[in-house]
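Each remark here refers to the structure printed beneath this line.
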Amino acid sequence: FHGVGPRTAERMAALGIHTGADLKTKSAEWLTQHFGSWGDRLYGLARGVDERPVSPNRARKSLGGERTFDSDISDGDALHAALDRVVGIVWDRIEKAGAEGRTVTLKIKFADFRQITRAQSLARPVADRDTLGQVARGLLDALLPVEQGVRLIGVTLSGFAHEAESAQGQAELPLD
């Protein structure tokens, strides 16, 4: 649930709450007793109630895709082939959105569900599918050979032009 971080998750686990279904069985009073004012929010979230405003027109911060495998993959060639397919899907989305980003992120989830990300930022926006693929492949190659099987691989492009313009505008404010 949005807002449940590692510490709250630990407290929940200690109280026997491991899933949304577990959380839904708890009363508002019980949750407030154990989580204070956050208990009311948890009670609502477990029932699909979220009063935060929806912002459908906010600027996109990243664009990506991922693939979960039917069986874990540890072979480098098979991982490269899977990565190439994900890069193709992501590049199609990038072209459709007209996005220009500078940071390529590789996401890997291993057989034990441990997840890592590796990212590389370029001086200029990624201009084509080949560049996206080369950067993603370089990030993957730095991890090979893998100690255990990979169950998911993903690629994301971020650092879009509107973010850089915003940061640049902030950097150009006078210092005096």
Side-chain angles (χ1 to χ4, degrees), residues 1-10 12-13 17-23 45-46 48 50 52-168:
F1 292 102
H2 177 78
V4 174
R7 284 196 164 152
T8 303
E10 285 178 22
M12 288 177 149
I17 302 170
H18 303 282
T19 66
D22 294 338
L23 183 60
L45 289 173
D50 188 348
R52 290 177 297 152
V54 176
S55 302
N57 298 321
R58 70 176 192 207
R60 181 181 297 273
K61 293 188 178 193
S62 66
L63 218 161
E66 56 190 35
R67 176 158 187 245
T68 302
F69 310 118
D70 293 331
S71 58
D72 299 336
I73 298 175
S74 56
D75 176 69
D77 290 338
L79 286 168
H80 283 128
L83 178 66
D84 288 343
R85 286 190 294 278
V86 172
V87 164
I89 291 167
V90 172
W91 186 254
D92 289 345
R93 292 175 181 172
I94 291 167
E95 282 188 320
K96 185 177 179 181
E100 291 185 340
R102 297 182 322 104
T103 302
V104 178
T105 302
L106 173 72
K107 173 180 171 182
I108 300 283
K109 187 178 287 186
F110 294 100
D112 65 358
F113 291 93
R114 183 175 51 94
Q115 181 176 297
I116 63 170
T117 59
R118 299 294 184 263
Q120 181 178 346
S121 293
L122 307 177
R124 296 176 189 242
V126 173
D128 53 53
R129 183 190 189 284
D130 289 340
T131 302
L132 179 67
Q134 288 171 359
V135 174
R137 186 176 276 253
L139 294 168
L140 176 61
D141 287 344
L143 301 172
L144 293 177
V146 292
E147 294 177 15
Q148 58 179 291
V150 173
R151 67 179 317 105
L152 176 147
I153 194 164
V155 175
T156 303
L157 181 68
S158 60
F160 293 150
H162 61 80
E163 291 176 352
E165 290 166 7
S166 175
Q168 183 180 18

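Distance check, rounded to the nearest 0.5 Å: NZ of K61 to CZ of F160 gives 11.5 Å. The NZ atom of K107 sits 4.0 Å away from the CD atom of E66 when rounded to the nearest 0.5 Å. Rounded to the nearest 0.5 angstrom, D128 CG and T131 OG1 are separated by 3.5 Å. Note that CG of L152 and OG1 of T68 are 4.0 Å apart. Values are rounded to the nearest 0.5 Å.
Across every non-hydrogen atom of V86 and R67, the tightest pair is CG2-CB, 3.8 Å. Nearest heavy atom pair, residue A119 against residue T105, reads CB-OG1, 3.6 Å. Of all the heavy atoms in V150 and F69, the pair that sits closest is O-CD1, 3.3 Å. For I153 against A82, the heavy-atom pair with the smallest separation is CG2-CB, 4.4 Å. The minimum heavy-atom distance between A136 and L106, with the atom names listed, is O-CD2, 4.3 Å.
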| said: T156 vs V104, test: side chain to side chain contact (heavy atoms under 4.5 Å, CB included). Steps then yes/no. | reply: CA-CA 6 Å; T156 303; V104 178; over 6 Å; no
| Criterion side chain to side chain contact (heavy atoms under 4.5 Å, CB included) on V135 and V126, from CA distance to verdict | CA-CA 9 Å; V135 174; V126 173; 5.7 Å; no
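Partners of T19 according to the side-chain contact (heavy atoms from CB on, under 4.5 Å) rule, which considers only residues two or more places apart in sequence or in another chain, are A21, D22. D84 meets the salt bridge (charged side-chain N to carboxylate O under 4.0 Å, His left out) test with R137; sequence neighbours excluded. Under the side-chain contact (heavy atoms from CB on, under 4.5 Å) criterion, A97 pairs with L63, A99, sequence neighbours left out.
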Side chains of residues 72-80: which donor-acceptor pairs under 3.5 Å do they make with residues two or more places apart or in other chains?
unit_1: D75; atom_1: OD2; unit_2: D77; atom_2: N; d: 3.2
unit_1: D75; atom_1: OD2; unit_2: A78; atom_2: N; d: 2.9
unit_1: H80; atom_1: ND1; unit_2: G76; atom_2: O; d: 3.0
unit_1: H80; atom_1: NE2; unit_2: D141; atom_2: OD1; d: 2.5

List the atom pairs, with distances to 0.1 Å, where a side-chain N or O of residues 87-96 and a protein N or O form a donor-acceptor pair under 3.5 Å, not counting sequence neighbours.
unit_1: W91; atom_1: NE1; unit_2: E95; atom_2: OE2; d: 3.1
unit_1: R93; atom_1: NH1; unit_2: G64; atom_2: O; d: 2.6

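The main-chain N or O of L122 is found under 3.5 Å from a side-chain atom of R102 such that the two form a donor-acceptor pair.
Residues R151 and F113 meet the side-chain proximity criterion, which asks for heavy atoms closer than 4.5 Å.
The side chain to side chain donor-acceptor pair (under 3.5 Å) pairs that include a residue from residues 115-125 are T103-S121, where partners are two or more places apart or lie in different chains.
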